[in-house]
*Asks:* 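Structure below; questions to follow.
In listed order, ligands and their atoms are each counted from 1.
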Amino acid sequence: MWDALWLEAHLATMDPAVGDDDYGTLRDGAVGVADGRIAWVGRRADLPGEPAALARQVHRAGGRWITPGLIDCHTHLVYGGDRAAEFALRLKGASYEEIARAGGGILSTVAATRAADAEALYAAARRRLDTLRAEGVTTVEIKSGYGLDVETELKMLRVAGRLGAETGMRVRRSFLGAHALPPEFKGDGDGYIDLVCRQMLPLVAVEKLADAVDAFGEKIAFSPRQVARVFEAATELGLPVKLHADQLSDQGGGALAAEYRALSADHLEYLSEAGAKAMAAAGTVAVLLPGAFYFLGETRRPPIDLLRRHGVPMAVATDCNPGSSPATSLLLMLNMACTLFRLTAEEALAGVTRNAAAALGLEDECGRLAPGLAADFVLWDIAVPAELSYRISFNPCAGIVRAGGS
Ligand code: DI6
Ligand code: FE
């Protein structure tokens, strides 16, 4: 006997093996849940018995749609302060250098994050997380990277862990020590990479504070050689890697990520065809971040046609961070992925479900409605799934089921 059964729902299973469209649609479907996992998915007409005999609780969804719980697979959700004053200055014509001299930019967030205690970091991040959750997000990735010293990097990762423990959301943590060069290492990038590889990473691994290791490969951040050092150290410790790749210039980031079998390469505005091919061969997911593209006023779009042609799975995420994407709406990112990057509505939804799961190494845990996966799903007041990417700033979430309980 199942714990619960959901009826009178249309299912966007996002399972390629199901249905005859790219949503894996099952009209008039049913989902059975036992022990927090999906026990059965199919058409109601194919249920193996009468509902009341199959499950202790029978829920009627009233013709709503059910999708897998949404997954925000790239965020910098934990940070101190904000950058609203910097935004206002930029709008009045201040240059990046002027802003940096006035104490702005990424290092101002580093200073604010170092100064904040864990409680304050938690409270600020919790509001952002709750906002994501209200739109049906049940899994979120959170990066470190605004500490850039041992103590603060670990503090950020612990706060991220507490966010998962206290909300029941599935939180995946990425250690992003190689995000920017801290002021005390000015002019000594290699020295800082030594600290990341020899001190921070081993501590993160021993204390099991991260599920993956990320880096920012860019002219203004770390070189391919420095990124490779971080990836070698991560691989030795058995941690999978990810990369902020080819966002502002072609650094060969896609290929570098693929060489280390990265879970994902993210941003990718300047990805080359060789990079796309290498990612396809390695199974590295392309994470698209339309919020950063929009907020920075970028004009070069990621090469969606190349990614399609070579069969690279595409995910979509908020990149929630105070400098380049102060966004806490994954539904808005669906809309932007379609309007700005020309993804189809089906690709966009796969980008925050099935492919976002793969970007976190969770493809066998969540991201589809399929037997054996976690019972994380969302009920939506919509007539067709395309509504999720069509509307702007409207939340049709009508209920969230996380691991069986609603
Ligand atoms: N890429 C970005 O756009 C952000 N970080 C990154 O790796 C910028 C982060 C910030 O400005 O605070
Ligand atoms: Fe990012």
*Asks:* Between Ser264 and Lys242, do the side chains contain a donor N or O and an acceptor N or O under 3.5 Å apart?
*Replies:* yes

*Asks:* I need the atoms of ligand 1 closer than 4.0 Å to a non-hydrogen atom of Ile106, numbered in the order shown.
*Replies:* 9 (C), 10 (C), 12 (O)

*Asks:* Verify the distance criterion only: is there a donor paired with an acceptor across the side chains of His244 and His74 at less than 3.5 Å?
*Replies:* yes

*Asks:* Below 4.0 angstrom from a heavy atom of Asn321, which ligand 1 atoms are there? Numbered from 1 as shown, please.
*Replies:* 9 (C), 10 (C), 12 (O)

*Asks:* Measure from NZ or CZ of Arg229 to the centre of the six-membered ring of Phe222 and say whether it is under 6.0 Å with the direction within 45° of the ring axis.
*Replies:* no

*Asks:* Ignoring hydrogens, what is the shortest heavy-atom contact between Ala125 and Leu163? Give both atom names and the distance.
*Replies:* CB-CD1, 3.8 Å

*Asks:* Output yes if His244 passes the N/O/S-under-2.8 Å test against the Fe ion (ligand 2); output no otherwise.
*Replies:* yes

*Asks:* What are the two closest heavy atoms between Arg170 and Ala374, and how far apart are they?
*Replies:* NH2-CB, 3.3 Å

*Asks:* So which of Glu218, His179, Glu298, His244 gets nearest to atom 5 (N) of ligand 1, if we judge by its closest heavy atom?
*Replies:* His179

*Asks:* In ligand 1, which numbered atoms sit nearer than 4.0 Å to a non-hydrogen atom of Arg83?
*Replies:* 10 (C), 11 (O), 12 (O)

*Asks:* Using a 4.0 Å cut-off to any heavy atom of Ser324, which atoms of ligand 1 qualify?
*Replies:* 2 (C), 3 (O), 4 (C), 8 (C)

*Asks:* With atoms numbered from 1 as shown, which atoms in ligand 1 lie under 4.0 angstrom from a non-hydrogen atom of Gln247?
*Replies:* 1 (N), 2 (C), 3 (O)

*Asks:* Can you measure from CG (Leu369) to CG (Leu26) and round to the nearest 0.5 angstrom?
*Replies:* 8.5 Å

*Asks:* Considering Phe293, Tyr146, Phe216, which one's heavy-atom position lies nearest to atom 12 (O) of ligand 1?
*Replies:* Tyr146

*Asks:* Please name the atom of Asp319, restricted to N, O or S, that is closest to the Fe ion (ligand 2).
*Replies:* OD1

*Asks:* Does the side chain of His76 pick up a donor-acceptor pair with the side chain of Asp319 at under 3.5 Å?
*Replies:* yes

